[in-house]
Amino acid sequence: MGGGWDPWDPLDTWVGWVGAGTPGTPQTPGSHSRCLQMLFLAVGDWGGVPDPPFATPREVATAAAMGRAATDLGADFVLALGDNFYYEGVRDEWDPRFQETFERVFTAPGLQELPWFVLAGNHDHAGNVTAQLAYGHHSPRWHFPHYYYSLRLSLPGTNASARLLMLDTVLLCGGGDDFGVGAQLAWLRGRLAAARHDRYVLVAGHYPVWSVAEHGPTACLVRLLRPLLRRYRVTAYLCGHDHNLQFLEEGGVGYVVSGAGNFVEESQHHSGAVPPGSLRFFFGAPASPGGFAHLRLDAHAATVTYLEATGRVLYRVALPPRDL
């Protein structure tokens, strides 16, 4: 699987198909796509640990629950929100961690054929992120073409489209020298401007803009990214980093925190650091086996459902289409 590259933007990929077939060619949705919808799972901070048996009980439970959700609710792909390999990323593209905490863990039948679209977190940057980019040559499931890139989502059976912009917030906040902050911001502005006719625009990164938990709001993103999200009427920003599940709404933008794929923490240390009234949902029960989010995009709404690894629905919110 994997989309064909848009000739006008080497960082732009079409996602408009389900299952096997010619990459980049929209196909009739299969049973996973539930006609007229684009469906995906979003999980962050899922990357096991560096010591045997490498996969944590929460990661294993979350992977199994994601498989059930993909089968029962439908899914066209998985969005991996960073910290893919704890605690110091991977060494090279042959690192055994790709097998130990990815290929051998996310084995449920509902996940077998799904592409994963990946971005990097701070723990990935502690290792070799270019090796994660290169791993796409070894695994048909793993899609990580660039530090930041764009997915153009075709809503099956309609003329509507959506856009998912994948960021490297570690680099955006000055955590590396590979790509300048200015270049990524300029690219983001250009992609947001080009998305003016898309029914939904989603932006994803590892660090949160707003969070009430241990790490709290990310100052550089509040300064650099938040104004763009509001100006271009972005539907939602998805992230991880804090190890819990949250939904916040501010300025017409939904903020989805899905960082409970491997650890779960209950701290709300920064509850006073977010805009008053913005927090709508928080889940960080220390005994929980983990969790993730399921997103459904259709003609009427972008619906975010937060699921615990037990299968329990924790919270659901419907975000309206953009005014075009």
Side-chain angles (χ1 to χ4, degrees), residues 11 40-48 59 62 77-90 97 101-102 116-133 135 142-151 164-179 181 184-185 187-188 202-226 228-229 234 236-248 253-265 270 284 290-293 295:
L11 306 182
F40 66 94
L41 307 173
V43 63
D45 304 78
W46 52 275
E59 187 194 5
T62 299
F77 62 92
V78 176
L79 171 60
L81 291 165
D83 283 358
N84 311 314
F85 301 98
Y86 284 102
Y87 291 100
E88 297 181 346
V90 294
R97 288 295 302 284
T101 53
F102 175 57
W116 285 56
F117 293 101
V118 183
L119 56 80
N122 53 299
H123 285 279
D124 302 307
H125 275 283
N128 184 351
V129 176
T130 59
Q132 293 196 39
L133 303 181
Y135 184 67
W142 187 269
H143 299 266
F144 194 177
H146 194 269
Y147 287 82
Y148 48 91
Y149 58 101
S150 172
L151 300 174
L164 173 54
L165 302 176
M166 308 281 279
L167 302 182
D168 191 313
T169 54
V170 179
L171 297 180
L172 196 58
C173 291
D177 300 321
D178 297 284
F179 296 92
V181 172
Q184 187 172 178
L185 276 177
W187 172 85
L188 176 60
L202 308 173
V203 178
H206 180 64
Y207 289 154
V209 175
W210 298 119
S211 168
V212 301
E214 178 186 356
H215 294 106
T218 307
C220 74
L221 298 184
V222 173
R223 178 171 54 88
L224 296 175
L225 183 57
R226 174 177 170 263
L228 296 178
L229 301 179
V234 167
Y237 175 74
L238 299 93
C239 68
H241 196 46
D242 270 322
H243 299 156
N244 35 59
L245 302 171
Q246 304 177 49
F247 180 76
L248 305 93
V253 180
Y255 292 90
V256 176
V257 180
S258 179
N262 197 55
F263 310 103
V264 180
E265 298 169 357
H270 288 90
F292 56 96
L295 284 91

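Owing to the predicted nature of the structure, the values given are computational and were not obtained by experimental measurement. Residue numbers run from 1 in the order of the sequence given. Heavy-atom basis, side chains included; hydrogens, waters and symmetry copies ignored.
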Gap between atom [atom2] of [Y] and atom [atom1] of [X] - 0.5 Å precision:
X	Y	atom1	atom2	result
L225	C220	CG	SG	8.5 Å
L224	L188	CG	CG	10.0 Å
W142	Q132	CH2	CD	5.0 Å
H206	N122	NE2	CG	4.5 Å

Which label fits Y147 and H125: parallel for a plane angle under 30°, tilted from 30 to 60°, or perpendicular past 60°?
parallel

Centres of the F77 and W116 rings: under 6.0 Å?
no

F117 ring center near F40 ring center (under 6.0 Å):
no

Do [X] and [Y] get their side chains close enough for a donor-acceptor pair, meaning under 3.5 Å?
X	Y	value
N84	W46	yes
Q246	S211	yes
D168	Q184	no

Heavy-atom distance under 4.5 Å between the side chains of V209 and V222, does that happen here?
yes

Could you tell me whether the side chain of Y148 reaches within less than 4.5 Å of the side chain of W187, counting heavy atoms only?
yes

Provide the closest heavy-atom pair for [X] versus [Y] in the form atom of the first, atom of the second, distance.
X	Y	answer
Y87	A126	O-CB, 4.0 Å
S258	A293	OG-N, 3.6 Å
Y207	C173	CD1-SG, 4.2 Å

Between the main-chain N or O of G205 and the side-chain N or O of T169, is there a donor-acceptor pair closer than 3.5 Å?
no

Check the pair L79 / L41 against side chain to side chain contact (heavy atoms under 4.5 Å, CB included), numbers first and verdict last.
CA-CA 6 Å; L79 171 60; L41 307 173; over 6 Å; no

Could you walk me through whether V203 and L167 satisfy the side chain to side chain contact (heavy atoms under 4.5 Å, CB included) test, starting with their C-alpha distance in whole Å, then the side-chain angles of each, then the deciding distance to 0.1 Å, before giving a yes or no?
CA-CA 7 Å; V203 178; L167 302 182; 3.6 Å; yes

